[in-house]
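Given the structure is predicted, the values throughout are model-derived calculations rather than measurements.
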Amino acid sequence: MKSIVKNGIQIILGAMIYALAINYFLIPNRIGEGGVTGLTALGYYTFKISPALTNIVLNGILVLVGFKLLKRETVFYSLWAVLWISIFLRVPVFMPYHTSQTVIAAIAGGVLMGISMGLIFRAKGTIAGSTILAKIVNRYLGIRNGSAMLFFDLIVAIPSGLVIGFQNMLLTVMELYVSAVVLNKYLDAVGAKRSVLVLSNHNQDIGKALSANLGQGVTMLKATGFYSQQDMDALLYICSNRDWTAVMPIIMSVDPEALVVTDQVRSVRGSHLPDL
């Protein structure tokens with residue numbers, strides 16, 4: 001229950017930032033978007049249809065599509081995100097950011113979009129639209145969320161030049177690129193893990209030190225040296241970027257000569273590695 005409440009609040013915060021980007025930076029400067037959000041902007045520019053109405057109708061349809069392909073948890077959080085985005089889109093705009101330097105609005109909107117989607121993704125949700133498709137592609141093909149989403153967004157953004165003009169279409173593409181980069185960087189910084197492989201004659205002591213200081217399971221693998229043909233333990237440890245700064249000092253304090261191989265891990269499934 002605590003996790004559900006935490007994710008729900010984080011999604012509300014992400015939805016608020018998302019709506020701010022649209023209402024205060026993109027629409028006032030006639031900049032488009034990709035996916036369903038792009039269609040809501042085009043509907044507003046062309047027919048003055050409320051973005052909140054278009055958002056909830058079109059995204060509701062896409063969430064039903066995702067219902068068959070995504071986890072029920074993701075679908076539930078996505079519906080929660082779509083609901084709150086539509087609510088925040090209806091909040092009156094008091095000080096929209098109008099500027100002749102529309103590139104500033106495009107960059108600011110892209111940064112806010114990337115942060116908002118990062119918050120929602122980290123809370124196990126999506127904003128529906130192209131993010132539903134990106135989640136599906138990420139789950140089954142392993143393509144990064146931001147990159148997959150950029151591809152689907154461009155399918156809508158590029159033809160939007162017929163409505164908003166060629167210059168604003170280019171600004172839309174730039175805004176989408178900025179949001180994809182920010183999203184990828186955010187997810188890498190907050191959600192990424194590091195894997196650590198240690199080869200040492202003191203791996204048992206290193207494993208005890210890591211477990212005692214960081215409170216996380218350590219896995220020992222059986223390995224054989226090719227040249228010496230001697231059996232030894234290989235230590236495998238998965239940690240967050242936050243804990244990474246403490247891992248190397250702990251290993252070096254036990255065995256300064258240990259061979260340590262590290263790698264960046266984009267995704268880790270399961271709660272922990274088994275203690276063998």
| With sequence neighbours left out, what residues match Y45 under ring-ring contact (aromatic ring centres under 6.0 Å, His included)? |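 Here no residue qualifies.
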| request: Please name all residues satisfying ring-ring contact (aromatic ring centres under 6.0 Å, His included) with Y77, sequence neighbours left out, ordered by chain then number. | output: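 If we apply the ring-ring contact (aromatic ring centres under 6.0 Å, His included) test to Y77, skipping adjacent residues, there are no hits.
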Heavy-atom donor-acceptor pair, [X] side chain to [Y] backbone, under 3.5 Å:
X    : Y    : answer
N203 : V198 : yes
S179 : L176 : yes
S116 : L112 : yes
N29  : T102 : no

| said: For T224 and D231, which I'm curious about, is there any donor-acceptor pair between the side chains at under 3.5 Å? | reply: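 Note: T224 and D231 side chains meet the donor-acceptor criterion.
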| request: Sequence neighbours left out, what passes side chain to side chain contact (heavy atoms under 4.5 Å, CB included) with F226? Give chain and number order. | output: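 By the side chain to side chain contact (heavy atoms under 4.5 Å, CB included) rule, F226 matches Q229.
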| message | My understanding is that only residues two or more places apart in sequence, or in another chain, count here; which of them pass side chain to side chain contact (heavy atoms under 4.5 Å, CB included) with I12? | response |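 Scan of I12 (side chain to side chain contact (heavy atoms under 4.5 Å, CB included), adjacent residues dropped) gives W80, W84, F88.
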| By salt bridge (Lys or Arg N to Asp or Glu O under 4.0 Å) - contacts of D233 (at least two apart) |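 With sequence neighbours excluded, D233 shows a salt bridge (Lys or Arg N to Asp or Glu O under 4.0 Å) to K222, given in chain and number order.
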| field | Results of side chain to side chain donor-acceptor pair (under 3.5 Å) for S200 - residues two or more places apart only | value |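 Checked S200 against side chain to side chain donor-acceptor pair (under 3.5 Å); matches are D255.
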| Atom of N7, atom of K124 and distance for their closest heavy-atom approach |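 Reported closest heavy-atom pair: ND2-CD, 4.1 Å.
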| task | Verify whether the ring centers belonging to Y97 and Y24 lie closer than 6.0 Å. | result |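 So the answer is no for these two rings.
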